[in-house]
Amino acid sequence: MAVSVRASVLLTTTVSSLLFPYVANAASSDAENAALRREIAAMHREMMGEIHRLQARVDKYEHATALQGHKIAHSRRTLTTAGADEPQPIFGEQNIAPINHGPRSVNDSRIALPEGPAQSWSSFKAASAKDENVDIGGIKIGFPKGRPTISSDDKAYAFSIGLLAQEDFGGFMGVGQRGSESAGNFNKFTQNARRLRLYLSWRYKDWVVNVTPDFGSSSVDGTVGLFEANLNYTGLHNTTLTVGYFQPRMEEDSAERSGAFEFLERPTIVDLVRNIAGGVARFSIGGEHYEKRWLVAGYFTGQKFGDRNSSTNPVTDSQTGGVFRATGRPYVSKDIDVHVGVGATAAFKVNQTSNGRSYTFSDNVEVPLGETKLLTSGALNNISQIWAAGPQFGFRYKKFLLKGEYYHVGVQHNNAATTANLPSLNFDGWYVAANYTLIGHGRGYNEKIGAFTTPGVEYDFDPAKGHWGALEISGRWSVTDLRTSGATIKSGSLIQADGETGGNKQTVWQGGLNWYPNQHIKIMLDYTHFSVSSARGVSTDLLGRNGNAVVGRVQAAF
């Protein structure tokens, strides 16, 4: 094509040089032809201009063709300003690495997770440089980890939208009634949109604002809520400072983020202690700092989003509390990772309403389908303070991961508010979980969150090429004991004469299989067997249950 264009240019130039002298000589004595000569001369100048512009384009095309053999298969497209002689904009070409469908390295293969510490400006620029994007008038549009992101050319301004969508479906089997208790809500088959979150993030250099509405629910979907709304500063080395509605994390299992869980939900004891002064959409002021071998985090906390939204029993004195976490990695190698840590939380005072300061520990059997909650402490009244603390441990050997946590919960009464001498209450809970990655890279450690994270998809699902994504199998045993001991003479209340509260004990055994066809999709299947003892003095409807549940989940994350 380049040769034929060049030949046409040369032929036109030659014909013009022969034709124009002949016409000029033939009409030199005629006034009319003089005007014609002037018109032809103008046409000649215009034609030569077009020839020069065409020649420039030919040279550009030939130069681009010569470089094409040295380019990689995929190139970044940048919309640049058109030249003076070009009426339409053109796409400039810059070499970038092709989209990688596999094999991926261990670090590049991890599952996309929309939740995570806010990146510093320098980290955001470095991460964005690796992603394909389009430049339009100084604005960059890209899809890092599949997340639509618009930023200025220097990345100082940026806006992105992320997604976490989890749809659960399944049911219960063999959950029988005992005595005169009610049947309870244990559907044989039902569904629930567990998390439907849109992560909206705005950036100006090292200042990041996150607002995340949630259209899902931990029990029954259909009500829109808020996951977070906070301001972050990331200008300090490996440090994120946060203020606003946030989820401060004191447990290793919570720090993993909900899109990376081994099972559908956290162990019950983790859910109970994280909600004392933390949990989703808790007002928080604090921050965290990490290094390769350790992490420390601390937050002062207040009430949760929506706590004061009650016209019948409004909050007259809001809760205050704190959350603290410290972790370390005493031994690290290619095949071995050891994690140790401690988490602590306290509600210095709980919300006060017209009913005083009361608190109830209650949770499901680690199955998020809106079932009847069998585990409860009953309403604990005249509360002065609630705290919890405990150790964390994790050990990875190649593709095998073993981890566990233990927490002790203490409840102190305000005896000045009552005529009875109420004792302090003490609860306990723990879990042990094991995981093995069958296909793909094994779960690894993320020092930025001080926790283990998802398996890695080395190759995207493509059965024609023998690629199956990533596959892992997990097992977990968890126990939560809301019974307590201690002498008391108070009768006719939730604290019994024999020293027990109305609380009960729950034990859950679980097995799970998780498949990751690519870095954005996760398909889970959990089997759960639970056993809950009777709840004395709490409700005649909670006399203890044994049962089973099978639940699946489809997850998409960008």
Side-chain angles (χ1 to χ4, degrees), residues 111-120 123-124 127 143-151 157-168 192-204 206-234 240-251 253-261 264-266 271 274-275 278-288 297 299 301-307 309 323 368 446 448-449 451 453-454 520 522 553-558:
I111 306 304
L113 296 174
E115 296 175 30
Q119 287 183 316
S120 66
S123 297
F124 177 72
F143 293 85
K145 289 287 188 181
R147 190 170 188 170
T149 301
I150 302 173
S151 66
Y157 292 92
F159 171 71
S160 66
I161 303 176
L163 170 71
L164 178 62
Q166 295 176 341
E167 181 70 25
D168 297 342
N192 183 52
R194 175 61 180 95
R195 296 176 179 92
L196 292 177
R197 295 174 182 167
L198 288 177
Y199 296 82
L200 309 177
S201 180
W202 291 266
R203 169 184 297 277
Y204 175 65
D206 281 311
W207 297 89
V208 181
V209 176
N210 296 318
V211 177
T212 305
D214 193 349
F215 302 89
S217 172
S218 60
S219 56
V220 181
D221 55 23
T223 301
V224 179
L226 182 73
F227 173 70
E228 64 178 347
N230 50 67
L231 172 66
N232 303 267
Y233 179 70
T234 62
T240 303
L241 304 178
T242 303
V243 58
Y245 287 116
F246 180 67
Q247 182 180 191
R249 297 167 173 89
M250 60 165 282
E251 316 87 7
D253 205 81
S254 288
E256 289 184 6
R257 272 47 177 187
S258 53
F261 289 165
L264 297 173
E265 294 301 317
R266 306 172 185 85
D271 260 342
R274 78 186 185 97
N275 283 304
V280 170
R282 175 77 70 177
F283 177 78
S284 308
I285 301 176
E288 56 187 61
Y299 298 90
T301 66
Q303 63 187 10
K304 283 190 174 184
F305 175 79
D307 273 0
N309 187 20
V323 174
N446 185 346
K448 295 181 180 180
I449 61 175
T453 189
T454 64
H520 301 286
K522 179 181 181 181
R553 169 177 291 172
V554 177
Q555 171 180 303
F558 295 91

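Keep in mind that this is a model prediction, so the values were computed, not measured. Positions are given from 1 along the sequence.
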Reported [atom1]-to-[atom2] distance for the pair [X] and [Y], which is rounded to 0.5 angstrom:
| X | Y | atom1 | atom2 | result |
| --- | --- | --- | --- | --- |
| Lys522 | Leu164 | NZ | CG | 9.5 Å |
| Ile150 | Ile161 | CD1 | CD1 | 7.5 Å |
| Thr149 | Phe124 | OG1 | CZ | 6.0 Å |
| Leu264 | Gln166 | CG | CD | 8.5 Å |
| Leu241 | Trp207 | CG | CH2 | 8.5 Å |
| Arg194 | Glu167 | CZ | CD | 12.0 Å |

Between [X] (side chain) and [Y] (backbone), is there a donor-acceptor pair under 3.5 Å?
| X | Y | result |
| --- | --- | --- |
| Asp214 | Leu196 | yes |
| Thr240 | Glu288 | no |
| Arg195 | Ala193 | no |
| Arg203 | Gln119 | yes |
| Gln555 | Gly259 | yes |

Taking only residues two or more places apart in sequence or in another chain, which ones pass side chain to side chain donor-acceptor pair (under 3.5 Å) with [X]?
| X | value |
| --- | --- |
| Thr212 | Glu228 |
| Lys448 | none |
| Ser217 | none |

How close do [X] and [Y] get, counting heavy atoms only, and between which atoms?
| X | Y | value |
| --- | --- | --- |
| Pro213 | Leu198 | CD-O, 3.2 Å |
| Asn230 | Tyr245 | ND2-O, 3.0 Å |
| Ser284 | Thr301 | OG-CG2, 3.9 Å |
| Pro248 | Arg282 | CD-CB, 4.3 Å |
| Ser120 | Thr234 | CA-OG1, 3.1 Å |
| Val208 | Ser201 | CG1-OG, 3.6 Å |

For this session: Check the angle between the aromatic planes of His520 and Phe558 and answer parallel, tilted or perpendicular using the 30° and 60° thresholds.
Result: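 Ring orientation, 0 to 90° scale: parallel.
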Problem set entry | Thr242 side chain to Asn232 side chain, donor-acceptor N/O pair below 3.5 angstrom |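 Present: a donor and an acceptor within the cut-off.
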Exercise. Any chance the side chains of Gln247 and Arg274 put a donor and an acceptor closer than 3.5 Å?
Worked result: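 Judged by distance alone, the side chains do pair up.
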Problem set entry | Over 12 foreign heavy atoms within 6.0 Å of CZ, Phe159 |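 More than 12 within 6.0 Å, yes.
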Exercise. Between Glu115 and Arg197, is the closest basic N to carboxylate O distance under 4.0 Å?
Worked result: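 Yes, this pair counts.
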Check: [Y] and [X] side chains under 4.5 Å, non-hydrogen atoms:
| X | Y | value |
| --- | --- | --- |
| Pro368 | Arg553 | yes |
| Ile449 | Pro117 | yes |
| Asn210 | Tyr199 | no |

Problem set entry | Residue pair Trp202, Val211: steps toward the side-chain contact (heavy atoms from CB on, under 4.5 Å) verdict | CA-CA 9 Å; Trp202 291 266; Val211 177; 4.0 Å; yes
For this session: Decide salt bridge (Lys or Arg N to Asp or Glu O under 4.0 Å) for Glu256 and Arg266; before the verdict, give the C-alpha distance in whole Å, the side-chain angles of both, and the deciding distance to 0.1 Å.
Result: CA-CA 10 Å; Glu256 289 184 6; Arg266 306 172 185 85; over 6 Å; no
For this session: Verify side-chain contact (heavy atoms from CB on, under 4.5 Å) between Tyr233 and Asp206, making sure each step is shown before the conclusion.
Result: CA-CA 6 Å; Tyr233 179 70; Asp206 281 311; 4.0 Å; yes
